[in-house]
Amino acid sequence: MSEVIIAVALIWVAASGTAVVLTRDPLRQAFVAGFFGLGLAFLYLSMQAGDVALSQIVVGAIALPLIVLLAMAKVRKDRE
Amino acid sequence: MSVLAYGVVAWLFLVGIYGVVTSRNLIHLVVCVSVAQSATDVLLLEIGYRNGGHAPVFVDLPAHPGPAVDAVMQALALTDVVVGAAVTALLMALAVQVHKRAGTLDPDELRATRE
Amino acid sequence: MGLVSTSVLLPISVAVPLGGAALLAGFSWLLPRRARDLIAIAVALATTALTLSLVAASAGHPMIYWFSGWRPSAGMVIGIDYAAGPLGAGMASLAGVLASAALVYSWRYFDSARGRHHALVLIFLAASVDFCLTGDLFNLFVAFELVAVTAFALTGYNAGHPGPLQGAINFAVTNSLGGMTVLMGVGFLYARTGSLNLAQIGQALAGRHADGLVVVAFALLTGGFLVKAAVVPFHFWLPDAYGSAPTPVCVLFAGVMSELGLFAVIRVWDTVFSGLAGGVGPRMRAVLLGFGILTAVVGAVMALAQTHLKRMLAFVTMSHLGIYLIGAGLLTPLGLAGASLLVIGDGLAKSALFLGVGVVQHQRASVSELKLRGQGRGLAVTGVTIVLGALVLADLPPFVSSAGHALLVDAADEVGLPWMELVIALSVILSSGAVLRAAGRIWLGWGASESSRPDTGTADDPGEENEDDGRPRSGRRERVPLTMVLPPLALLAIGLGLGLTSGIEEHAVAAAAAFSDRTSYAAGVLGTHGSPIPPRGPAVPASPELSAGGVLTDLGQVLAALGVAALALNPRAAGLRRALAAGTGWLRRLHSGLVGDQVTWLVAGLALLAALGEAALH
Amino acid sequence: MSRRARLMFFAVAAAALAVTLGVGLAGLPSFGSQVSAYARMLNEVSGRQRHVTDVVSAITFDYRGIDTLFEEFILLGAVTGISVLLRPLSDETRQLPEDKAPDRGIPPPSPAVWLLAVFLSSLLVLTGLETVTHGTLTPGGGFQGGVILASALYVVYLGTNYRTVERYQPDALLESSDGVGAFGYVFIGLLGLMAGDVFLTNVVGLGVTGNPISGGIIPLLNLTVGLEVAGGFAILASEFLDQTAVIRTKTGPR
């Protein structure tokens, strides 16, 4: 059972990681990256790494997308 | 299962680098670096995984819990997540500043150190 | 009891700079500017003194320190250790000296962003010390990343200009990827040996034949470190970063940071891989020498092609890194000893050169050799500093790099590669000649000025940046503050003093022998035998005849470098220069400064290293 | 290189690197088949030796505590570096966003929004503190809790406007928290030396396994990390926010 969950998580991570790279628009990429971050956290959790999963959630699904969005906002303001 | 598990590591690393090489936008490029970086965490945790193993947290366990997974690799991955976050944030600050000062985010248009 | 008191130096020499940095970062808003400068300088000097005392204390037998008191039990390592010998401690104290010089130099020089610049320099210093002392592979990775993170920020310090920012981005992207490959290598070795301790991993691999996993682990680890060491083809980020970073930061970069990359390559080779079965040493020597020769020559040729002074020094640094790799890559104690003395001697000289160029930039607001033609008047002391520094780079006796050069030549002879001397001489002459050419143009007004640019190939001359942002200069011809003039002279004086120290070659060879002895290192760390290892009598062929021959060679190099400079400035040799510029145009075009190109080269370099590693180890 | 040439070169190089990685990965033991003797030993003994239930925290802060010390400084270095890179330069000014419609006046945040923000943020503070303090027992610790605490600050701001943020931002406090946290880790390490033992030795009682206050210095180290990370991430977010909201160039991009 746990093997199936891990396999699903691995495929989720591989697919969403590819999607992050192929999403060339940074704004949309930020959301895909959040989804990828959640996938990583899920993968870590399925591999019994709760500490790492929690770190991954706070970094990958909260801090990183927030920074990307703020950076995008700054860039847009510069262009005005 | 091994092929899938280890294949994902190589895939994430290479696809992240592919993104870096082909990127036309520094913010996109920085996120691609973080994709490649996550390959290392996945590798460490896979090395430390044990089939049917439980988390290395010894609280509320059943009577015969079986083996636990490798806590050392988890500690290393923990450190690496923090390192990755620090580097990503720093790169993002550089990207913001480059856009302000060079007026572009396209890495291929940045030739300041050349011309 | 005596042992306890000296081993305490190990944790204190990282705790002092770390604590100082934390206080500066957290409380700079409370402190006046002068206090911030003083605290930073005091902390850097204290770290220097601590690491210097480590050099003395660890001579003869390595010092082992187990953090949190976790000693190995039943042959299994539990915690993290520091394993200090004079070579590692010497490297750490070089970092201390250069950090102190950089901080003194920036005293009046620029705005330290409320002490944050100083905090970053101190963290950089602490990370370098940890890097040199640690006996744990993962801790080495953490130190690698800490050096990197502070260095990225310091590179982009002049954040108002695109050049430093682009340099920082190229630097950060390539070196982060390097860090990732290092970590993957760590993971592979852990999966194979179940350990993160250098000595224990080496023990587990010793006497075995390398398989695919070990070869790939070698390539990933070494490749990652070579990115930091800026060895061809991992080097493309270096001129962008070093050419645009603030001067005090360049001192740390050129003198210590790249050398740390090479240090890690050799440390990991000696402790982890050198015990592999099948006579891997000679074949690995060929691989490392190949990379070293390529780097030395490419760096020297590129240095000669530059007119942007900092970028020129960046390529000079790179060429010298190639020479150190040749020395260390001979994989003999003699070669490593020669490389170590060169790292110290050249490191001090290169730092003095960067600081001298910084003075020129501060006073004349330019770093372009062509724009500065004849502008040297009034900066005589700096001119002398730069000429002397350039001559030291050509191994002018009796500076310590001359002693290192002699050892290196002996080491190459010892393994039957006497022609290596020619490769080294060629690179040294070209890179030193480039700096002398610039000095001749700036202080003597020789050669052409901007109007008739000789290099019509590509313009890899980046823009000029004013470093002291936000601090209006009263007049351009104001007196240079002593805090800017003295540090480079002090660095050169240290190099001279070390060169005049009798027996420095013997000390270096003994340190190198202890450093590269895998079995006694492992025995010391794992405690497999109680008594300290008696130091093996090092064979130092430093007889008077050889030294005299060495002095003649060195003087020959100095003269040849002067000749190169004269030729480069002679109006009648314009045709030759044009031909050379045309012949090297392709090489300069490869240094495009684009991060996508640099990462592609990195990937190719990793694959190449893996293929060569397979041939050497398997 | 042209983009096309680069892509072709990359394709070849990446294929070679893929083969390299494949060879290395193929040499690994099959997935999930083994755990190192080192890890088995630590799983076995750390509960007894350190009185913790979460072995990861014992490794992070005790067996390999020196790694975490340097990890803290990676964060401190990055935050300091970002403050340096994003500092207002000589040609930039700090200027609050102009009111586009001065006759309208900024509406005060409605009490309901305020209340929600305060409620959410207190919830986050509690979660953050709980995560920081229970690091020895369950997954989580100073780092994770610290980030949650930093985010609590910003949820308060969600309920208001940037003018209030700018006025009440406790910059000095955040910086001090960052520095004190990092210094605290070094200091606890030095306590071991002062007690006549080695750096980062446990100098306090180990406590009863299962209590929040157990594991010796591990909860204290978690606390310092929590302080450092909370301050650091708050500074980080505020630097980026400042760039977006108040810092503008006098001359425009060059």
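What you see below is based on every heavy atom in this structure, not just the backbone, and it leaves out hydrogens, waters and symmetry mates. Everything numeric in this text was worked out from a predicted model, so none of it was measured.
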Do H28(B) side-chain atoms and V21(A) backbone N/O form a donor-acceptor pair below 3.5 Å?
yes

Residue part contacting chain B, namely of L43(A), when any heavy atom lies under 4.5 Å:
side chain

Main-chain N/O of V20(A) paired to Q29(A) side chain as donor or acceptor, under 3.5 Å:
yes

Proximity breakdown for L12(B) and chain A, heavy-atom pairs closer than 4.5 Å:
side chain

Okay, V82(B) and chain A: the region with an atom under 4.5 Å from a heavy atom over there is neither

Cut-off 4.5 Å, heavy atoms of chain A, and the answer for L29(B) is neither

Contacting moiety of V15(B), where chain A heavy atoms sit under 4.5 Å:
both

Aromatic contact between F36(A) and W12(A), with the criterion being ring centroids under 6.0 Å apart: yes or no?
no

Chain A contacts, top residue of V30(B), V69(B), L45(B) (heavy-atom pairs, under 4.5 Å):
L45(B)

Answer with side chain, backbone, both or neither: which region of N51(B) has an atom nearer than 4.5 Å to a non-hydrogen atom of chain A?
side chain

Using a cut-off of under 4.5 Å for heavy-atom pairs, which of V20(B), L78(B), V96(B) has the most such pairs with chain A?
L78(B)

Answer whether the closest heavy-atom distance between the side chains of T18(A) and W11(B) falls below 4.5 Å.
yes

Below 4.5 Å from any heavy atom of chain B, which atoms of E3(A) appear? Answer side chain, backbone, both or neither.
both

Against chain B, label V52(A) side chain, backbone, both or neither, depending on which of its atoms sit under 4.5 Å from a heavy atom there.
both

For Q48(A) and A55(B), indicate whether the former's side chain and the latter's backbone hold a donor-acceptor pair under 3.5 Å.
yes

Can you tell which of G16(B), S23(B), G53(B) has the highest number of heavy-atom pairs within less than 4.5 Å of chain A?
G53(B)

First locate atom CE of M92(B), then atom CG of L64(A), and finally report the distance between them rounded to the nearest 0.5 Å.
6.0 Å

Which atoms of A63(A) come close to chain B, meaning under 4.5 Å heavy atom to heavy atom: side chain ones, backbone ones, both, or neither?
neither

At their closest point, which heavy atom of L4(B) faces which heavy atom of I11(A), and how far apart are they?
CD1-CG1, 4.2 Å

Contact part of S55(A) toward chain B, heavy-atom cut-off under 4.5 Å: side chain, backbone, both or neither?
both

Interatomic distance, M73(B) atom CE to M47(A) atom CE [nearest 0.5 angstrom]:
12.5 Å

N-O pairing of R24(B) and D106(B) below 4.0 Å:
yes

Q37(B) backbone acceptor or donor facing T40(B) side chain under 3.5 Å:
yes

Part of A5(B) lying under 4.5 Å from any heavy atom of chain A
both

What part of T88(B) gets closer than 4.5 Å to chain A, counting heavy atoms only: side chain, backbone, both or neither?
side chain

More than 12 foreign heavy atoms under 6.0 Å from CZ of R76(A): is that the case here?
no

Which atoms of S16(A) come close to chain B, meaning under 4.5 Å heavy atom to heavy atom: side chain ones, backbone ones, both, or neither?
neither

Honestly, the part of V35(B) sitting under 4.5 Å from a heavy atom of chain A is both

